[in-house]
A.B. asks: 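Sharing a structure with you now.
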Amino acid sequence: MSGHIYIQIDTYMDEASCKYHMIGGDGPNSYAHNSVYQKELIVSAEDLTNQLINSHLDTNKPPFDPRNTFRIADLGCSVGPNTFFAVENIIKSIEKKYKKSNQTTQNPNNNHQTPEFQVFFNDLINNDFNTLFKNNNLLTSKKSYFIAGVPGSFHSRLFPKESIHFAHCSTALHWLSRIPEEVRGSGSMAWNKGRVHYFGAREEVKEAYSVRYKKDMDDFLSFRARELVDGGLMVMVVLGFPDGVVASESSMGVAFGVLGSCFEELAKMGKISREKVDSFNLPFYYPSPLELKALIEANGMFDIVRIAKLAAPMRVKPDPQIVTAHLRAVIGELIEEHFGRDEISIDELFKLHLQKVTNSPELFDEKYWKETNYFVFLKRK
């Protein structure tokens, strides 16, 4: 089966949502070459995904009739190749489920088929979709599914009503749709001057981030519930922290502190604007499992099949160069967008970051490795 590309323009996109994307291309600083951690998380989730598809995909329901196309959406796909690994594993599991059902079903409508598959790869409009498809040779290789690119924010509506059978979103839901306005204004109680994140900040800052995340997650779940068929399934891999953990006292908290100190140093040297340093905030929020569970239950549109802690990937002594390269691939474009490409030298910033990371022993101390990744499997009610 040959691949086909279809581009859907999301009419719900806003200006803010277009700015958050990984470094594209396939160069040494690209996300494609600096996303091993994310790949390991997908691998960690593979067995659970397979088991729960086998247990909870009801192929006898009308929406899952094998004569119909089975549609999968990968939300926040970035530039690959991790997205292809994830969806191909999902397709293999679904095919196994249909073959197993074919052997046991008494349904007269079943003609011992497996469905054709169409996969929608979604990310923000500025995502490098050209690299996503080109680097994996999708247009010339023999793939077992049809492909479509869908630019747009997953915090908005992306697909027609009840058109998707399975949704997948890995290591993307910590991204907020926008930075809370309260943390950027000097007249606000939540002004986050001198910090790049809510870690270690005053309570008003954390609350502003929390309110934004609750709204974003509710939107995400509500729109997916409209788009998924009756009995449709969704897998999410969510970055977060265990209940009760002080996030600022984690390796991630230390890393964000290092980034903030780099901005401070460049501002003191007059190389970047002090005003822009004080208004820069990372659009990330990391929920606890109880918080995540409460948000899903409050939304009310999905049954929680499983929430499980995933095995921590790559828990060896971090390489400072890998830590810096990963951060650059993820937020390099965001930094340039905020400060201006003519004002800030990304090379200089991350050279300084590497020096500081190398001299930050907390990053390499296991007692600071507190961030956790959660596997969430949902079924549409």
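This is a predicted model, so every value here is computed, not measured.
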A.B. asks: For Val235 and Phe166, work out which heavy atoms get closest and say how close.
C.D. replies: CG2-CZ, 3.7 Å
A.B. asks: Looking only at heavy atoms, what is the nearest atom pair of Ser156 and Ser153, with distance?
C.D. replies: OG-O, 2.7 Å
A.B. asks: Side-chain contact test, heavy atoms from C-beta onward, threshold under 4.5 Å: evaluate it for Tyr213 versus Leu176 and give yes or no.
C.D. replies: yes
A.B. asks: Between the side chains of Glu291 and Lys214, is the shortest nitrogen-to-carboxylate-oxygen separation below 4.0 Å, so that they form an ion pair?
C.D. replies: no
A.B. asks: Is the gap between the ring centers of Tyr285 and His174 under 6.0 Å?
C.D. replies: no
A.B. asks: Decide yes or no on side chain to side chain contact (heavy atoms under 4.5 Å, CB included) for Gln51 and Asp47, but give the supporting numbers first.
C.D. replies: CA-CA 6 Å; Gln51 293 169 19; Asp47 286 345; 4.2 Å; yes
A.B. asks: Applying a strict under-4.5 Å side-chain criterion to I, L, V, M, F, W and Y, I'd like to know whether Leu266 and Leu282 cluster together.
C.D. replies: yes
A.B. asks: Counting only heavy atoms not in Gln321, do more than 12 fall under 6.0 Å of its CD?
C.D. replies: no
A.B. asks: Glu336: which residues meet the salt bridge (charged side-chain N to carboxylate O under 4.0 Å, His left out) condition with it, sequence neighbours left out?
C.D. replies: Arg341
A.B. asks: Is it true that Glu343 and Ser273 share a donor-acceptor pair across their side chains at a distance under 3.5 Å?
C.D. replies: no
A.B. asks: Report yes if the side chains of Val183 and Pro180 come closer than 4.5 Å at any heavy-atom pair, otherwise no.
C.D. replies: yes
A.B. asks: Can you tell me how far OG1 of Thr114 sits from CD of Glu95, rounded to the nearest 0.5 angstrom?
C.D. replies: 5.5 Å
A.B. asks: Heavy atoms, side chains only, cut-off 4.5 Å: are Ile94 and Ile53 in contact?
C.D. replies: yes
A.B. asks: Could you tell me which residues satisfy salt bridge (charged side-chain N to carboxylate O under 4.0 Å, His left out) with Lys215, sequence neighbours excluded, listed by chain and number?
C.D. replies: Asp219
A.B. asks: Ring centres under 6.0 Å, that's the criterion: do Phe84 and Phe121 meet it?
C.D. replies: yes
A.B. asks: Output yes when a side-chain donor or acceptor of Thr131 lies under 3.5 Å from a complementary backbone atom of Asp128, and no otherwise.
C.D. replies: no
A.B. asks: Whether the side chain of Asn359 engages the backbone of Gln355 through a donor-acceptor N/O pair (distance < 3.5 Å, no angle test) should be reported.
C.D. replies: yes
A.B. asks: Kindly compute the distance separating OG1 (Thr69) from CD1 (Ile72), expressed to the nearest 0.5 Å.
C.D. replies: 11.5 Å
A.B. asks: Run Val79 and Asn130 through side chain to side chain contact (heavy atoms under 4.5 Å, CB included) and show every step you take.
C.D. replies: CA-CA 8 Å; Val79 296; Asn130 287 335; over 6 Å; no
A.B. asks: Linking I/L/V/M/F/W/Y whenever their side-chain heavy atoms sit closer than 4.5 Å, directly or via other members, would Met269 and Leu354 fall into one cluster?
C.D. replies: no
A.B. asks: For residues 295-308, pull every pair meeting side chain to side chain donor-acceptor pair (under 3.5 Å), keeping only residues two or more places apart or in separate chains.
C.D. replies: Asp218-Asn299, Ser222-Asn299, Lys293-Glu297
A.B. asks: Give, for atom CZ of Phe70 and atom CD1 of Ile90, the distance between the pair rounded to the nearest 0.5 Å.
C.D. replies: 9.0 Å
A.B. asks: Heavy-atom count check: over 12 atoms from other residues, nucleotides or ligands less than 6.0 Å from Asp243 CG?
C.D. replies: yes
A.B. asks: Quick one: CD on Glu181 to CG on Asn281, what's the gap to the nearest 0.5 Å?
C.D. replies: 10.5 Å
A.B. asks: Who are the side-chain contact (heavy atoms from CB on, under 4.5 Å) partners of Arg380, not counting sequence neighbours?
C.D. replies: Glu162, Leu228, Asp230, Phe302
A.B. asks: Would a hydrophobic clustering, with Ile, Leu, Val, Met, Phe, Trp and Tyr connected at side-chain separations under 4.5 Å, put Val119 with Phe85?
C.D. replies: no
A.B. asks: Is the closest side-chain heavy-atom distance between Leu292 and Val238 below 4.5 Å?
C.D. replies: yes
A.B. asks: Can you run down the side chain to side chain donor-acceptor pair (under 3.5 Å) pairs that involve residues 201-212, sequence neighbours left out, and say none if there aren't any?
C.D. replies: Arg212-Asp216
A.B. asks: Return yes when atom NZ of Lys381 has more than 12 non-hydrogen atoms of other residues, nucleotides or ligands closer than 6.0 Å, and no otherwise.
C.D. replies: yes
A.B. asks: What about the rings of Phe241 and Phe199, do their centers lie closer together than 6.0 Å?
C.D. replies: yes
A.B. asks: Name the one of Asp123, Asp74, Asn122 that satisfies side-chain hydrogen bond (donor to acceptor under 3.5 Å, both in side chains) with Thr83?
C.D. replies: Asp74
A.B. asks: Please enumerate all residues that pass salt bridge (charged side-chain N to carboxylate O under 4.0 Å, His left out) together with Lys379, with sequence neighbours excluded.
C.D. replies: none
A.B. asks: Is there a side chain to side chain contact (heavy atoms under 4.5 Å, CB included) between Glu265 and Lys271 once you walk through the steps?
C.D. replies: CA-CA 9 Å; Glu265 192 164 325; Lys271 294 188 174 183; over 6 Å; no
A.B. asks: Do Phe339 and Phe280 pass the ring pair (Phe, Tyr, Trp, His ring centres under 6.0 Å) test, and can you show the C-alpha distance, the side-chain angles, and the key distance before you say yes or no?
C.D. replies: CA-CA 9 Å; Phe339 287 95; Phe280 179 82; 5.7 Å; yes
A.B. asks: Is a donor on one side and an acceptor on the other found under 3.5 Å between the side chain of Ser250 and the backbone of Ala247?
C.D. replies: yes
A.B. asks: For the residue pair Arg328 and Ile346, establish whether any side-chain heavy-atom pair is separated by less than 4.5 Å.
C.D. replies: yes
A.B. asks: Run Phe159 and Phe120 through ring pair (Phe, Tyr, Trp, His ring centres under 6.0 Å) and show every step you take.
C.D. replies: CA-CA 10 Å; Phe159 304 103; Phe120 297 96; 5.1 Å; yes
A.B. asks: Are side-chain heavy atoms of Trp175 and Val330 found at a separation under 4.5 Å?
C.D. replies: yes
A.B. asks: What's the shortest heavy-atom distance between Gly200 and Ser248, and which atoms?
C.D. replies: N-CB, 3.5 Å
A.B. asks: Do the non-hydrogen side-chain atoms of Val229 and His165 ever get within less than 4.5 Å of each other?
C.D. replies: yes
A.B. asks: Give, for atom OG of Ser170 and atom CE of Met236, the distance between the pair rounded to the nearest 0.5 Å.
C.D. replies: 11.0 Å
A.B. asks: Do you know the tightest heavy-atom contact between Ala208 and Ala190?
C.D. replies: CB-CB, 4.5 Å
A.B. asks: Hey, any chance Ile42 and Leu52 share a hydrophobic cluster, counting ILVMFWY side chains that come within less than 4.5 Å of each other, even indirectly?
C.D. replies: no
A.B. asks: Are Glu227 and Arg224 close enough for a salt bridge, meaning some N to O gap below 4.0 Å?
C.D. replies: yes
A.B. asks: Please tell me whether Glu116 and Tyr145 have a donor and an acceptor in their side chains that are separated by less than 3.5 angstrom.
C.D. replies: no
A.B. asks: Applying the 4.5 Å side-chain criterion to the ILVMFWY set and letting contacts propagate, would Ile304 and Met234 be lumped into a single cluster?
C.D. replies: yes
A.B. asks: Nearest 0.5 Å, what's the OG1-OH distance between Thr59 and Tyr98?
C.D. replies: 6.0 Å
A.B. asks: Is the closest basic N to carboxylate O distance between Arg274 and Glu264 below 4.0 Å?
C.D. replies: yes
A.B. asks: Centroid-to-centroid, Phe154 to Phe220, below 6.0 Å?
C.D. replies: yes
A.B. asks: Let's go through Leu378 and Leu233 carefully: what are the C-alpha distance in whole Å and the side-chain angles of both, what is the deciding distance for side chain to side chain contact (heavy atoms under 4.5 Å, CB included) to 0.1 Å, and is it a yes or a no?
C.D. replies: CA-CA 6 Å; Leu378 304 179; Leu233 304 176; over 6 Å; no
A.B. asks: Give the minimum heavy-atom separation between Cys262 and Lys356, together with the two atoms involved.
C.D. replies: SG-CD, 3.5 Å
A.B. asks: Return the minimal non-hydrogen interatomic distance between Pro287 and Tyr374, and the atom names on each side.
C.D. replies: O-CE1, 4.5 Å
A.B. asks: Is there a side-chain contact between Leu239 and Phe284 in this structure, where contact means two heavy atoms from C-beta onward sitting under 4.5 Å apart?
C.D. replies: no
